[in-house]
2 protein chains.
Amino acid sequence: MYKIEFHDFFNAAFSVDCIIFGYEAGQIKALVIKRAMEPYNNYWAIPGDLVYPDEDLPVAAERVLKELTGLDHIPMHQSQTFGHPKRHPQGRVITISYFALVRIDALHVKASSFAEEISWVPINALPTLAFDHNHILESTYEILKQKLHHEPVCFDLLAERFTLHEFQQLYEFAFEQELDKANFRKKIKYIPLIGLEEKQKNVKHRPAKLYKFDRESYQKQLINGDYTFKM
Amino acid sequence: MYKIEFHDFFNAAFSVDCIIFGYEAGQIKALVIKRAMEPYNNYWAIPGDLVYPDEDLPVAAERVLKELTGLDHIPMHQSQTFGHPKRHPQGRVITISYFALVRIDALHVKASSFAEEISWVPINALPTLAFDHNHILESTYEILKQKLHHEPVCFDLLAERFTLHEFQQLYEFAFEQELDKANFRKKIKYIPLIGLEEKQKNVKHRPAKLYKFDRESYQKQLINGDYTFKM
DNA sequence: GCAAAAGTGTTTGGATTACACCCATGC
DNA sequence: GCATGGGTGTAATCCAAACACTTTTGC
């Protein structure tokens, strides 16, 4: 055991990485940016950057995401922290990863000066990413899958109005197994959904009814304690 | 948006906090130490300390736990990271919390020079702790409760040999609801337990049979995929 | 009419619940 | 004997899986 002075401990930096998941064309995807700076110039990476000395972590995550992708007002949750001494080539940098779920169809991302390109990549076909970002992304996807079982986060990924088939496909993709249509619909019977009058258009089969998630009555049921989401 | 030099980011420190849960006398408890140094001298706190500049996080968690409590070879899992700029009075210190589950009956803790006292406190009757440690401990307890539902972590808390009633009481404590004895036993029917010949002794009622968790066959079932733990 | 997907009903077996009952031990 | 918890059986009910069937659209 060696002894160092108290102030010598204060020579680390830390960053936040923002993992943004979306759902598009039947696949769960993550947002990556192409780095336009060293280290790992030209590599795809999770959007992330260093945290300012007196900045709180969730605030930093919001700021960094906005600076790199233009995305604003996206609620994020903390995922995990990665701190291997050699994970960053330029010094000791601990990174705290945050993640968010978004509706890809409802937003427009734009690359910043530090990121020359932005792309949504399917979670099951990731390229080699900068730093330890493959590891970070994969282990955060595991957390997402856990949440899909026990919390209604699926409705953060689906478009605001969705068909029951799209809803089903999301779960089929995440858990890599086909589901029976009739049984799926029985299972979701108690999830508060609002059935809209509107239907699908321009499909070459019977148009499906569109639904919205009824957040308000879900909240009420949560407080009453007479319902717990489970899939 | 302000701009600071790259090297000026490197003036933060980080620590690990080790939350040790145990089960004793029908209650889930956490290990706390009484601090024998500033800041928060004489407060109860989660065992934790600063991480060395080139030390990996899980290694630091193990070292710190051993230094402060004498506990060694306790497998720990990362929980959450807390980084509010004002959470530590002496500078910017981010803390990464780790947690572990132990069998209180099977270990002996000893206070170090930095901790003049060690105590197990029931999770539902915590004193005011140093720093933001109440918050850290409570939110980690929520994670433990989640795990109790989906992973066989209960057997890390129970004594190696336990009665089915002790097993049931652990769940009754965690989820704050009474369970039917007969139904509880049907529910755990598929958990691989080894029934021992031995029985309880010196109890003033019919002695209960003792059981062990069959880790080996649980692992096999996991790999085969023909069983998932659920409580 | 045909293809394709939407949408619903029925049967079955297994799990969950509530509850009742008997058993072994210390005092 | 009696208090205390250990341990088991039963009937009613609910739920999930498998599968078949009808409906509505575009072409």
Side-chain angles (χ1 to χ4, degrees), chain A residues 25-27 148-150 154 158-159 161-213 221 225-231, chain B residues 23 25-27 148-150 152 158-159 161-173 175-213 221 225-231:
Chain A
Q27 294 179 308
L148 281 170
H149 271 308
H150 310 296
C154 46
L158 289 164
R161 305 130 161 271
F162 52 86
T163 69
L164 297 184
H165 189 218
E166 286 163 353
F167 185 8
Q168 181 178 335
Q169 279 180 313
L170 172 54
Y171 276 88
E172 288 181 331
F173 179 88
F175 300 115
E176 298 177 58
Q177 65 167 347
E178 311 232 317
L179 300 171
D180 180 273
K181 191 184 6 162
N183 294 338
F184 182 82
R185 283 157 194 240
K186 277 173 226 152
K187 193 175 208 162
I188 65 169
K189 195 165 42 174
Y190 297 110
I191 300 176
L193 297 182
I194 300 168
L196 304 174
E197 288 311 309
E198 213 174 331
K199 301 209 162 153
Q200 270 185 319
K201 271 171 194 154
N202 303 318
V203 287
K204 63 172 190 182
H205 54 75
R206 175 174 171 180
K209 196 170 171 182
L210 292 173
Y211 290 84
K212 279 171 73 169
F213 178 50
Q221 291 182 352
D226 50 38
Y227 171 70
T228 46
F229 185 90
K230 186 170 145 292
M231 287 292 287
Chain B
Y23 179 61
Q27 294 178 308
L148 282 169
H149 271 308
H150 310 294
L158 290 165
R161 305 130 161 270
F162 52 87
T163 68
L164 297 185
H165 189 210
E166 285 163 353
F167 186 7
Q168 180 178 335
Q169 280 180 314
L170 172 53
Y171 277 88
E172 289 181 330
F173 179 87
F175 301 115
E176 297 175 58
Q177 66 167 346
E178 311 232 317
L179 300 171
D180 181 273
K181 192 186 3 165
N183 295 338
F184 182 81
R185 282 158 196 239
K186 276 174 225 152
K187 192 175 206 161
I188 66 170
K189 194 166 44 175
Y190 298 109
I191 300 176
L193 297 181
I194 300 166
L196 304 174
E197 288 311 308
E198 211 174 332
K199 301 209 164 154
Q200 273 186 317
K201 270 170 193 157
N202 302 318
V203 286
K204 63 173 187 180
H205 53 76
R206 176 174 170 181
K209 196 170 171 181
L210 292 172
Y211 289 84
K212 279 173 70 171
F213 178 50
Q221 291 181 352
D226 51 37
Y227 172 69
T228 45
F229 185 90
K230 187 170 143 293
M231 286 295 286

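Here is the naming used below: chain letters follow the sequence lines, and residue numbers restart at 1 for every chain.
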Give me, pair by pair, the N or O atoms of the protein and of nucleotides 9-16 of chain C that are less than 3.5 Å apart, along with how far apart they are.
{"from": "C:dT10", "atom 1": "O4", "to": "A:K186", "atom 2": "NZ", "distance (Å)": "2.8"}

Query raised in the report: Aromatic rings B:F167 and B:F162: how do their planes relate, parallel, tilted or perpendicular, breaks at 30° and 60°?
Result: perpendicular
Query raised in the report: Taking only residues two or more places apart in sequence or in another chain, which ones pass side-chain contact (heavy atoms from CB on, under 4.5 Å) with B:H165?
Result: B:T163, B:Q169
Report summary line: Those residues at least two apart in sequence (or on a different chain) that pass ring pair (Phe, Tyr, Trp, His ring centres under 6.0 Å) with A:F173 are none
**Report entry** Under the side-chain hydrogen bond (donor to acceptor under 3.5 Å, both in side chains) test, residues paired with A:E172 that sit two or more places apart
**Finding:** A:Q168
Query - Qualifying residues under ring pair (Phe, Tyr, Trp, His ring centres under 6.0 Å), relative to A:Y211, sequence neighbours excluded - result: none
Query raised in the report: Taking only residues two or more places apart in sequence, or in another chain, which ones meet A:K212 in a salt bridge (charged side-chain N to carboxylate O under 4.0 Å, His left out)?
Result: A:E160
Report summary line: The ring pair (Phe, Tyr, Trp, His ring centres under 6.0 Å) partners of B:F229 (sequence neighbours excluded) come to none
**Report entry** Reading 5' to 3' through nucleotides 22-27 of chain C, protein heavy-atom contacts under 4.0 Å coded B for base, S for sugar-phosphate only, - for none
**Finding:** -BBBS-
Which side-chain N or O atoms in residues 185-202 of chain B pair as donor and acceptor under 3.5 Å with protein atoms at least two apart or in another chain?
{"from": "B:K186", "atom 1": "NZ", "to": "B:N183", "atom 2": "OD1", "distance (Å)": "3.4"}
{"from": "B:E198", "atom 1": "OE1", "to": "B:R161", "atom 2": "NH1", "distance (Å)": "2.5"}
{"from": "B:E198", "atom 1": "OE1", "to": "B:R161", "atom 2": "NH2", "distance (Å)": "3.4"}
{"from": "B:Q200", "atom 1": "OE1", "to": "B:A208", "atom 2": "N", "distance (Å)": "3.0"}

Report summary line: Closest heavy-atom pair, A:C154 versus A:L170, reported as atoms and distance to 0.1 Å, is CB-CD2, 3.6 Å
Query - Listed partners of A:H150 passing side-chain hydrogen bond (donor to acceptor under 3.5 Å, both in side chains), at least two apart - result: B:H150
Requested in this report: Give me the first and last nucleotide of DNA chain D, going 5' to 3', that has any atom under 4.0 Å from a heavy atom of chain A.
Outcome: D:dA17 to D:dG26
**Report entry** Pair of N/O donor and acceptor under 3.5 Å linking C:dG7 base with A:K181 side chain
**Finding:** yes
